[in-house]
> 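Right, I'll just put the structure down here and ask away after.
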2 protein chains.
Amino acid sequence: MEEVILGFLSSGAMTGYDIKQVMSVSTSFFYDASYGSIYPTLKKLEKKGFVTSKEVVEGRKVKVFYSLTDKGRKEFLKWLEKPSAPANTKYEFLAKLFFARHLPKDRLLAMVSRHISEIREVLSKLQMIEKEMKNHADTYQMYTLKFGIDFFTFLATWYENLFEEINAGTEKGEETGDGQ
Amino acid sequence: MEEVILGFLSSGAMTGYDIKQVMSVSTSFFYDASYGSIYPTLKKLEKKGFVTSKEVVEGRKVKVFYSLTDKGRKEFLKWLEKPSAPANTKYEFLAKLFFARHLPKDRLLAMVSRHISEIREVLSKLQMIEKEMKNHADTYQMYTLKFGIDFFTFLATWYENLFEEINAGTEKGEETGDGQ
DNA sequence: GGGGACATGTAATTGGTTACATGATTAC
DNA sequence: GTAATCATGTAACCAATTACATGTCCCC
């Protein structure tokens with residue numbers, strides 16, 4: 001988290017609020033944070049000397065802008081090159097699929113199709129963002145968006161296949177639900 | 001987490017150690033936990049009345065077996081049908097890709113290929129598990145494994161494409177690295 | 001004057017990890 | 001006899017969320 005915030009600040013001073021806004025339209029599908037995490041993290045980063053804050057008065061409102069220090073930039077670049085595991089732990093829906101033998105098939109099918117429509121929702125949101133971002137985002141930011149779109153497309157088709165397979169099983173009259 | 005443990009117990013009494021073992025060969029790529037999480041969770045579940053424990057003496061060793069109560073089974077089934085978001089937050093490598101403009105391209109390419117080989121490692125591990133599991137896992141457990149294999153295959157090909165695209169860009173002599 | 005977006009923050013709690021501590025059993 | 005794995009657990013710590021608290025600005 002700390003490093004991601006440094007990353008956002010690497011293209012200029014921002015407020016905590018700004019960071020949250022930018023996150024929610026650019027990285028939220030693979031990296032998100034709440035205000036309750038962002039603000040304290042910024043203070044922590046300041047204490048560590050990775051960022052500096054500047055209060056800017058706008059009318060009678062005071063905004064707090066944070067900017068990277070050299071030390072902070074170094075820290076960020078160090079993080080950037082550090083290898084990171086492909087681990088993608090905690091996918092709740094899949095955990096449910098793992099235990100799906102305890103569910104009657106009609107309920108399971110309902111769950112799967114619900115999941116598919118949620119995936120499709122995210123997908124269309126990402127596609128809208130992609131259109132808006134085109135031009136004023138850099139190549140790599142577009143790649144990550146592309147990843148999101150490709151990934152959720154993969155998910156949608158995967159679960160559509162799953163639906164068909166389960167459905168085919170049902171028609172043949174397999175065992176369903178939880179007798180225990 | 002609590003519910004996943006209930007899920008494991010739904011097919012019979014197990015020790016905390018057993019749960020961890022089974023997890024690591026069946027769900028670890030989408031759901032994992034440490035002993036320091038499993039044991040306290042089991043005690044918590046017992047306090048809530050979702051499981052009961054039984055100490056079984058084996059030689060001079062004492063194993064603690066946990067089993068589901070009716071209340072626990074109900075809780076588990078309730079969880080199973082509750083909708084869960086497709087959110088897959090915190091994918092560190094993608095966050096790094098998002099900020100990759102700060103990296104010289106050769107370093108980025110090295111990172112990507114490193115990531116690809118880590119993905120391939122997970123993939124071959126999953127394929128081995130699939131062979132072992134075939135027959136003594138149920139349909140749905142095989143589906144989740146299949147998901148893992150398909151997902152990591154997707155990742156590998158996606159990043160291989162990315163590698164080629166970045167590489168093509170380099171050859172044309174694009175801007176590289178971080179001047180700041 | 002009320003609702004929504006702007007803007008900043010704290011406190012309580014949750015959910016987990018890592019490291020530590022301990023001891024038995026098995027296999028070499 | 002010693003290393004690996006089996007087996008259980010606790011304490012310290014950490015990262016992050018939710019809920020709360022406060023207030024401004026702007027538009028209808």
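Only a predicted model underlies this, so the values are computations on that prediction, with no experimental measurement involved. Order of the sequence lines fixes the chain letters, A, B, ..., with proteins taken first and strands second; residue numbering starts at 1 for each chain.
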> Output every pair passing salt bridge (charged side-chain N to carboxylate O under 4.0 Å, His left out) with a member in residues 153-165 of chain A, not counting sequence neighbours, ordered by first then second residue.
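For residues 153-165 of chain A, and leaving out neighbouring residues, the salt bridge (charged side-chain N to carboxylate O under 4.0 Å, His left out) pairs sorted by first residue read A/Arg120-A/Glu160.
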> Have a look at A/Lys44 and say if it touches a base, only the backbone sugar-phosphate, or nothing, with a 4.0 Å heavy-atom cut-off.
sugar-phosphate
> Examine C/dG16: is either OP1 or OP2 under 4.0 Å from a nitrogen or oxygen in the side chain of A/Lys90? Give yes or no.
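Yes, within the criterion.
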> If an axis is fit to five pairs at each end of the helix from C/dG1-D/dC28 to C/dC28-D/dG1, what is the angle between the two, to the nearest 10°?
20°
> Applying salt bridge (charged side-chain N to carboxylate O under 4.0 Å, His left out), name anything that partners A/Asp32, two or more places apart in sequence or on another chain.
A/Lys20
> In whole angstroms, how far is the C1' atom of D/dA16 from the CG atom of A/Leu42?
14 Å
> The criterion is ring pair (Phe, Tyr, Trp, His ring centres under 6.0 Å); which residues satisfy it with B/Tyr39, sequence neighbours excluded?
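Per chain and number, B/Tyr39 pairs via ring pair (Phe, Tyr, Trp, His ring centres under 6.0 Å) with B/Tyr35.
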> Check whether B/Phe30 forms a cation-pi arrangement with A/Lys90 (NZ or CZ under 6.0 Å from the six-membered ring centre, at most 45° off the ring normal).
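No.
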> Spell out protein contact along nucleotides 3-9 of chain D as letters: B when the base is contacted, S when just the sugar-phosphate is, - when no protein heavy atom is under 4.0 Å; keep the 5' to 3' order.
---BBBB
> Can I get a per-line list of side-chain donor-acceptor pairs under 3.5 Å for residues 47-54 of chain A, giving both atom names and the distance, sequence neighbours left out?
residue, atom, partner, partner atom, Å
A/Lys48, NZ, A/Glu2, OE1, 3.0
A/Lys48, NZ, A/Glu2, OE2, 3.3
A/Ser53, OG, A/Glu46, OE2, 2.6

> Does B/Ser37 make a side-chain N or O approach to OP1 or OP2 of C/dG15 shorter than 4.0 Å?
no
> To the nearest angstrom, how far is B/Glu3 atom CD from C/dT14 atom C1'?
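My rounded result for the distance is 13 Å.
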> Please report the distance, rounded to the nearest Å, between OH in B/Tyr31 and C1' in C/dT17.
15 Å
> Could you tell me which residues satisfy ring pair (Phe, Tyr, Trp, His ring centres under 6.0 Å) with A/Phe93, sequence neighbours excluded, listed by chain and number?
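Residues passing ring pair (Phe, Tyr, Trp, His ring centres under 6.0 Å) with A/Phe93: A/His115, A/Tyr159.
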> For A/Glu58, which residues count as a salt bridge (charged side-chain N to carboxylate O under 4.0 Å, His left out) partner, sequence neighbours excluded?
A/Lys63
> Go through the structure and list residues passing ring pair (Phe, Tyr, Trp, His ring centres under 6.0 Å) with B/Phe99, not counting sequence neighbours.
A/Phe8, A/Phe76
> Nearest to the side chain of B/Ser34 - C/dT25, D/dT24, C/dT17?
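Given the options C/dT25, D/dT24, C/dT17, the side chain of B/Ser34 is closest to C/dT17.
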